[in-house]
Amino acid sequence: GGFDCVIQLCDAAEVKDEKRNTGGLPAYPIKGCFPRDVRDHLNSTDPLGFESRWSSITQGDLAEWMVAYTAKKAADPQWFLDLEATTYSEKINGLVQHRYFVASLTLTSSLNMDHRDGIALSENWEAWLKDQMAKGACAASKDTFWPFVSSAHFHQYKVTETLMSEMVQGVCISISVALVVLVLVTGNIIIGLC
């Protein structure tokens with residue numbers, strides 16, 4: 001599994017970084033990092049058996065995972081409700097398999113930032129993810145775990161860039177056509193240019 005990679009990404013995403021507009025802990029924690037939540041709960045409730053149990057979980061022991069997951073769910077019902085809102089799971093042979101989940105992080109930047117700054121921010125996040133996937137636990141699970149960075153705002157910055165480019169192109173074409181029409185209609189290039 002990719003639990004250790006998820007935890008690595010969650011921990012790294014929370015680090016204060018001006019290039020990614022992250023404010024750092026404790027003000028800007030990541031939400032939805034359920035493997036880390038289960039791991040931390042397991043460590044707090046069974047510190048002596050934690051290492052062996054967590055190792056068993058990360059090596060694919062679904063029964064051990066379900067015990068730890070169920071304990072966290074019982075200890076914090078609100079955590080479970082939040083988790084249900086951000087995960088897609090399937091039941092296979094009676095066991096829950098998490099297929100897709102959302103971990104979210106609030107950035108320090110404003111939604112009103114210039115689209116060029118927004119595109120640079122998006123590219124910084126993509127570069128960060130590529131770097132994280134090449135090291136540590138993520139490098140070991142790169143063929144079984146495929147995270148991605150997504151934000152509706154990042155998409156909107158690209159849309160704005162396209163609209164601005166097309167607007168400039170449209171204005172230039174319109175002025176050029178208007179000049180040609182004025183010159184043809186008046187027969188006077190001076191009037192067409194003025």
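Position 1 is the first residue of the sequence, and the numbers go up from there.
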- Item | Hydrophobic cluster identity match, Tyr28 and Ile7, side-chain contacts under 4.5 Å | no
- Using a 4.5 Å cut-off on heavy atoms from C-beta on, say whether the side chain of Val38 contacts that of Pro35. no
- Query: Going by an N to O cut-off under 4.0 Å, is there a salt bridge joining Lys72 and Asp40?
  - Reply: no
- Any Ile57 side-chain heavy atom under 4.5 Å of Arg39 side chain: no
- Determine whether Val6 and Arg36 make a side-chain contact, defined as any pair of heavy atoms from C-beta on separated by less than 4.5 Å. no
- Task: Supply the atom-to-atom distance Glu14 CD to Cys33 SG, rounded to the nearest 0.5 angstrom.
- Result: 7.5 Å
- Task: Indicate yes or no for a side-chain donor-acceptor contact from Ser56 to the backbone of Ser52 under 3.5 Å, with no hydrogens or angles considered.
- Result: no
- Start with the C-alpha distance between Ser55 and Gln59, add both sets of side-chain angles, then the distance that settles side chain to side chain donor-acceptor pair (under 3.5 Å), and finish with yes or no. CA-CA 6 Å; Ser55 177; Gln59 292 174 16; 3.1 Å; yes
- Is a side-chain donor-acceptor pair under 3.5 Å present for Glu161 with Ser165? no
- Message: Do Trp146 and Met133 make a side-chain contact, defined as non-hydrogen atoms from C-beta onward lying under 4.5 Å apart?
- Response: no
- Query: How many angstroms lie between CD1 in Ile173 and CD1 in Ile175, if you round to the nearest 0.5 Å?
  - Reply: 11.0 Å
- Take Phe154 and Ile119 through the side-chain contact (heavy atoms from CB on, under 4.5 Å) test and state the conclusion after the steps. CA-CA 7 Å; Phe154 290 167; Ile119 291 169; over 6 Å; no
- Message: Ring-plane angle category for Tyr100 and Phe148, please: parallel below 30°, perpendicular beyond 60°, tilted otherwise.
- Response: parallel
- Task: State, yes or no, whether a side-chain contact exists between Thr22 and Val15 at a heavy-atom distance under 4.5 Å.
- Result: no
- Note on the structure: Here the gap from Leu105 atom CG to Arg20 atom CZ, rounded to the nearest 0.5 Å, amounts to 7.5 Å
- Message: Please give me the minimum heavy-atom distance between Ala13 and Ile30, naming the atom from each residue.
- Response: CB-CD1, 4.1 Å
- Note on the structure: Interatomic distance, CG@Leu83 vs CG@Asp76, rounded to 0.5 Å, equals 10.5 Å
- Query: Where is the tightest heavy-atom contact between Cys5 and Ala137, given as atom of each residue plus distance?
  - Reply: N-CB, 3.7 Å
- Roughly how far apart are Ser122 OG and His115 NE2, rounded to 0.5 Å? 13.0 Å
- Query: When you measure from the side chain of Thr186 to the backbone N and O of Asn188, does any donor-acceptor pair fall under 3.5 Å?
  - Reply: yes
- Message: Measuring only between side-chain heavy atoms, which start at C-beta, is Pro147 closer than 4.5 Å to Leu9?
- Response: yes
- Kindly indicate whether the side chain of Met113, heavy atoms from C-beta on, has any atom under 4.5 Å from the side chain of Leu121. yes
- Message: Quick check: closest heavy atoms across Asp131 and Lys135, and the distance to 0.1 Å?
- Response: OD2-NZ, 3.2 Å
- Task: Mind running salt bridge (charged side-chain N to carboxylate O under 4.0 Å, His left out) on Asp82 and Lys31 for me, showing each step along the way?
- Result: CA-CA 9 Å; Asp82 294 341; Lys31 295 177 184 168; over 6 Å; no
- Query: With under 30° as parallel and over 60° as perpendicular, where do the rings of Trp125 and Trp128 fit, or are they tilted in between?
  - Reply: perpendicular
- Task: Nearest 0.5 Å please: distance from the NE2 atom of His155 over to the OG1 atom of Thr160.
- Result: 9.5 Å
- Going by an N to O cut-off under 4.0 Å, is there a salt bridge joining Asp17 and Lys19? no
- Message: Apply side chain to side chain donor-acceptor pair (under 3.5 Å) to residues Gln8 and Asp4 and explain how you reach the verdict.
- Response: CA-CA 6 Å; Gln8 173 186 321; Asp4 284 336; over 6 Å; no
- Query: Can you check whether Phe34 and Phe101 have ring centres sitting under 6.0 Å from each other?
  - Reply: yes
- Task: Give the cluster check for Val177 versus Leu179: same hydrophobic cluster or not, with ILVMFWY residues linked at side-chain heavy-atom distances below 4.5 Å.
- Result: no
- Item | Main-chain N/O of Ser141 paired to Thr144 side chain as donor or acceptor, under 3.5 Å | yes
- Indicate the ring-plane relationship of Tyr69 and Phe80, choosing parallel, tilted or perpendicular according to the 30° and 60° boundaries. perpendicular
- Task: Please tell me if the side chains of Met164 and Val168 come closer than 4.5 Å, counting only heavy atoms from C-beta onward.
- Result: no
- Message: Taking the ring of Phe3 and the ring of Trp65, is the distance between their centroids below 6.0 Å?
- Response: yes
- Message: Evaluate Asp61 against Arg53 for side-chain contact (heavy atoms from CB on, under 4.5 Å), listing each step before the verdict.
- Response: CA-CA 9 Å; Asp61 186 340; Arg53 290 181 70 193; over 6 Å; no
- Message: Can you give me the closest heavy-atom contact between Ala74 and Pro77, atom names plus distance?
- Response: O-CD, 4.0 Å
